[in-house]
Amino acid sequence: MAMRAAVLAVLVSALLAGCRRQEARPPEGGGSEQQTPSPTATAAPPGAVLFISADTRGYLGPCGCSENMRGGIGRAAFQVQQARKGGQPVLYIDGGNSLFGETHLKADQVPQEERKAKALADAFRTMGIAARATGELDDTRGAAFRQGLGLPEVASGGVKVLDAGTRKVGVVAAASGEALVKASQQAREQGADFVVGLLDQPLEAAQAAAALPGLAANLVVATHSAGEFSAEENRLVRSDVPVVAVQSKGRSLLRVDLTYAPAKGAFTLQRSQGDVEREVTALEQRMALLDKEIALPGIDPKLKALKQGKRDELSARKQGLLTAPPAPADDVNGFATRFLPLESNLPTAPDTQALVKAYDADVGQLNLAWAKAHGQDCPLPAKGQAGFVGSAVCADCHPDAAAVWEGTKHHHAWETLEEVGKQHHLNCVGCHVTGWQKPGGVCRLDKVAGREDVGCESCHGPGSRHVDAPSPATIVGKPGQAVCVTCHNAENSPHFDFATYLPRILGPGHGGTGKSGQAGEPPAK
């Protein structure tokens with residue numbers, strides 16, 4: 001904690017130092033971005049800052065299963081709120097597909113997901129949201145629910161023109177390229193100097209739309225990824241009309257800096273950021289290497305802390321580069337696009353984070369109450385199929401294997417949820433119990449006893465047939481990687497490597513000849 005606090009102090013100092021350097025420039029060179037200008041400070045150059053999010057998929061923040069996970073609406077809000085202290089107009093725009101992660105919900109999901117959508121809407125308000133488009137992931141609970149959140153929506157095919165200092169920014173929403181062309185032309189007719197097109201399509205479709213004749217947009221944002229794991233990276237396609245796709249699940253923001261020339265005119269994408277982009281890329285590559293080293297099982301705690309400190313230092317340097325205002329080009333109306341990854345060491349906005357904490361406190365109670373009132377026990381297995389029996393039954397015949405399991409992190413999976421108060425969160429519980437939503441497993445949050453943790457059957461499959469007729473043919477003796485990645489997936493466990501992690505759960509009597517990889521280590525926290 002002391003190391004992280006020191007690095008955070010370095011980050012804040014670096015940001016403030018950057019502000020002072022900007023204030024020392026002549027008026028045409030740049031202005032303060034992180035502090036409210038005093039009457040004697042140099043005014044910010046003419047321009048505006050746009051922040052754009054999209055494809056948030058109902059995420060208030062990362063799950064927290066791994067270290068250094070990006071994202072969090074509180075971190076996003078901090079970026080927007082800090083920029084507002086810089087003396088330029090700041091507009092926050094959401095591209096939609098943000099309120100929910102699925103188009104259809106099961107009955108037990110409804111209380112949690114509606115509460116989360118309301119928390120997201122409240123968080124958008126703390127960011128001073130100016131406009132947002134909508135997509136199918138916003139209408140999961142119907143248009144009436146969405147409209148009841150009271151957010152400033154731009155209907156599909158619609159236009160909203162916003163004041164941005166001495167210029168006007170047009171925000172248009174569309175579900176097809178043809179509709180985007182029409183709406184962008186309408187925005188120009190309504191006086192927009194710079195037009196952002198929010199297209200409810202994946203990146204490839206947005207690229208095709210950007211090439212259509214008659215398009216009057218300066219920037220096209222693809223606001224709906226093709227699938228849950230198809231927007232794992234930020235994407236920028238440089239063309240006559242640039243096209244961007246923001247990393248999904250609230251892990252990054254798009255920042256667009258507008259710089260104004262004395263006279264109005266067409267906006268030109270600034271391409272003089274090569275040095276900054278190269279340095280940012282190099283820093284991210286070094287951070288990615290550190291992430292893998294920090295996540296190695298069994299790493300010495302002191303070495304891990306040193307590597308984490310170095311990573312936070314690199315992240316602070318990257319953040320300083322990404323938030324420094326670009327130098328305006330003389331007599332040219334320009335714009336620059338930059339992605340802001342919401343790294344784990346970045347500050348959060350207190351008012352927004354309070355909304356997240358309130359959600360966390362409420363949702364467990366809502367889910368538990370629903371389970372007690374409406375929950376259904378797991379069905380019995382179909383004839384000839386196996387059901388879950390619990391790890392205690394397995395231990396009766398396999399005491400050596402059970403002893404190895406008790407020394408692994410799998411044995412403490414439920415405990416890790418209890419420590420953070422998320423044992424009744426539906427987004428989490430499935431990977432921390434045995435047999436979620438399966439016969440003999442866990443089908444209601446008020447009846448978890450005996451199925452806590454990642455137990456024997458989580459890997460080896462349901463054991464009732466094996467109990468009745470012990471044989472290698474009635475159980476999965478050596479589960480493979482495909483079983484592991486159902487939970488150790490790209491989102492929850494981005495650095496998971498089967499060959500590296502497998503020895504951590506083996507030992508005498510449990511597929512290994514030596515002692516367990518975690519024997520002698522303290523219980524997982």
Side-chain angles (χ1 to χ4, degrees), residues 63 65-67 69 227-230 232 291-293 295-299 378 381-382 384-414 416 427-442 451-519 521 524:
C63 69
C65 299
S66 298
E67 292 159 305
M69 299 183 79
E228 185 180 1
F229 296 109
S230 63
E232 293 299 298
D291 282 341
K292 291 183 178 180
E293 294 169 356
L296 282 174
I299 184 173
C378 287
Q385 292 185 343
F388 287 81
V389 297
S391 297
V393 175
C394 302
D396 288 342
C397 293
H398 302 280
D400 292 341
V404 173
W405 170 70
E406 288 173 357
T408 69
K409 290 186 177 181
H410 283 169
H411 178 49
H412 300 279
W414 182 254
T416 62
N427 300 117
C428 304
V429 68
C431 285
H432 292 254
V433 298
T434 300
W436 177 246
Q437 299 292 345
K438 299 291 179 63
V442 178
R451 302 294 183 269
E452 301 95 332
D453 303 321
V454 179
C456 309
E457 296 165 290
S458 297
C459 301
H460 296 280
S464 64
R465 291 182 61 217
H466 187 67
V467 171
D468 294 338
S471 164
T474 55
I475 200 72
V476 178
K478 293 185 177 181
Q481 182 174 348
V483 175
C484 304
V485 297
T486 57
C487 285
H488 289 285
N489 54 36
E491 178 186 344
N492 300 326
S493 191
H495 305 294
F496 175 75
D497 178 76
F498 182 69
T500 301
Y501 280 68
L502 181 62
R504 310 296 296 175
I505 60 171
L506 301 180
H510 190 235
T513 55
K515 67 179 183 179
S516 168
Q518 290 176 315
E521 294 183 7

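Predicted model only: the values in this text are computed from it and were never measured.
- Counting only heavy atoms from C-beta outward, the side chains of His460 and Pro479 approach each other to under 4.5 Å.
- With sequence neighbours excluded, the residues that form a side chain to side chain donor-acceptor pair (under 3.5 Å) with Ser458 are Thr434.
- Atom NE2 of His432 is separated from atom NE2 of His412 by 13.5 Å, given to the nearest 0.5 angstrom.
- Under the side chain to side chain contact (heavy atoms under 4.5 Å, CB included) criterion, Cys63 pairs with Cys65, Met69, Asn492, sequence neighbours left out.
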Using a 3.5 Å cut-off and no angle test, enumerate the donor-acceptor pairs between side-chain atoms of residues 462-470 and protein atoms at least two apart in sequence or in another chain.
from: Ser464; atom 1: OG; to: Gly387; atom 2: N; distance (Å): 2.7
from: Ser464; atom 1: OG; to: Gly387; atom 2: O; distance (Å): 3.4
from: His466; atom 1: ND1; to: Ser471; atom 2: N; distance (Å): 3.4
from: His466; atom 1: ND1; to: Ser471; atom 2: O; distance (Å): 3.1
from: His466; atom 1: ND1; to: Thr474; atom 2: OG1; distance (Å): 2.9

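- Taking the salt bridge (charged side-chain N to carboxylate O under 4.0 Å, His left out) definition, one finds that Glu232 meets it with Arg251, sequence neighbours left out.
- In this view, Trp414 and Glu418 satisfy the side chain to side chain donor-acceptor pair (under 3.5 Å) rule, not counting sequence neighbours.
- Taking the side chain as every heavy atom from C-beta outward, Cys459 and Val476 never approach each other to under 4.5 Å.
- Under the side chain to side chain contact (heavy atoms under 4.5 Å, CB included) criterion, Cys428 pairs with Leu417, Lys422, His425, not counting sequence neighbours.
- Residues satisfying the side chain to side chain contact (heavy atoms under 4.5 Å, CB included) test with Ala401, not counting sequence neighbours, are His398, His510.
- Scanning both residues, Cys484 and Phe498, for their nearest heavy atoms gives SG-CE1, 3.7 Å.
- Evaluation of the side chain to side chain donor-acceptor pair (under 3.5 Å) rule for Glu293 yields Lys307 as partners, not counting sequence neighbours.
- For Cys487, the disulfide bond (SG atoms under 2.5 Å apart) partners at least two apart in sequence or on another chain are Cys431.
- The salt bridge (charged side-chain N to carboxylate O under 4.0 Å, His left out) contacts involving residues 481-500 comprise Lys249-Glu491, where partners must be two or more places apart or lie in separate chains.
- For the atom pair Phe388 CZ and Cys378 SG, the distance stands at 9.5 Å (nearest 0.5 Å).
- Heavy-atom minimum distance, Ala413 versus Thr416: O-OG1, 2.6 Å.
- In this structure, Ser391 and Cys456 approach most closely via the heavy-atom pair OG-N, 3.3 Å.
- Here the NZ atom belonging to Lys438 is positioned 10.5 Å from the CD atom belonging to Gln385, to the nearest 0.5 angstrom.
- Taking both residues in full, the closest heavy atoms of Thr500 and Leu296 are given as CG2-CD2, 4.3 Å, listed atom of the first, atom of the second, then distance.
- By the side chain to side chain contact (heavy atoms under 4.5 Å, CB included) test, His411 is found to be paired with Trp405, Glu406, Thr408, Asp453, residues two or more places apart in sequence or in another chain being considered.
- Taken from CD in Gln481 to CG in Leu502, the straight-line distance is 10.0 Å, to the nearest 0.5 Å.
- Rounded to the nearest 0.5 Å, atoms NE2 (His495) and CD (Glu67) are 9.0 Å apart.
- Evaluation of the ring-ring contact (aromatic ring centres under 6.0 Å, His included) rule for His488 yields Phe496 as partners, not counting sequence neighbours.
- Shown here for Cys394 and Glu457, the closest heavy-atom pair between the two residues is SG-CG, 4.3 Å.
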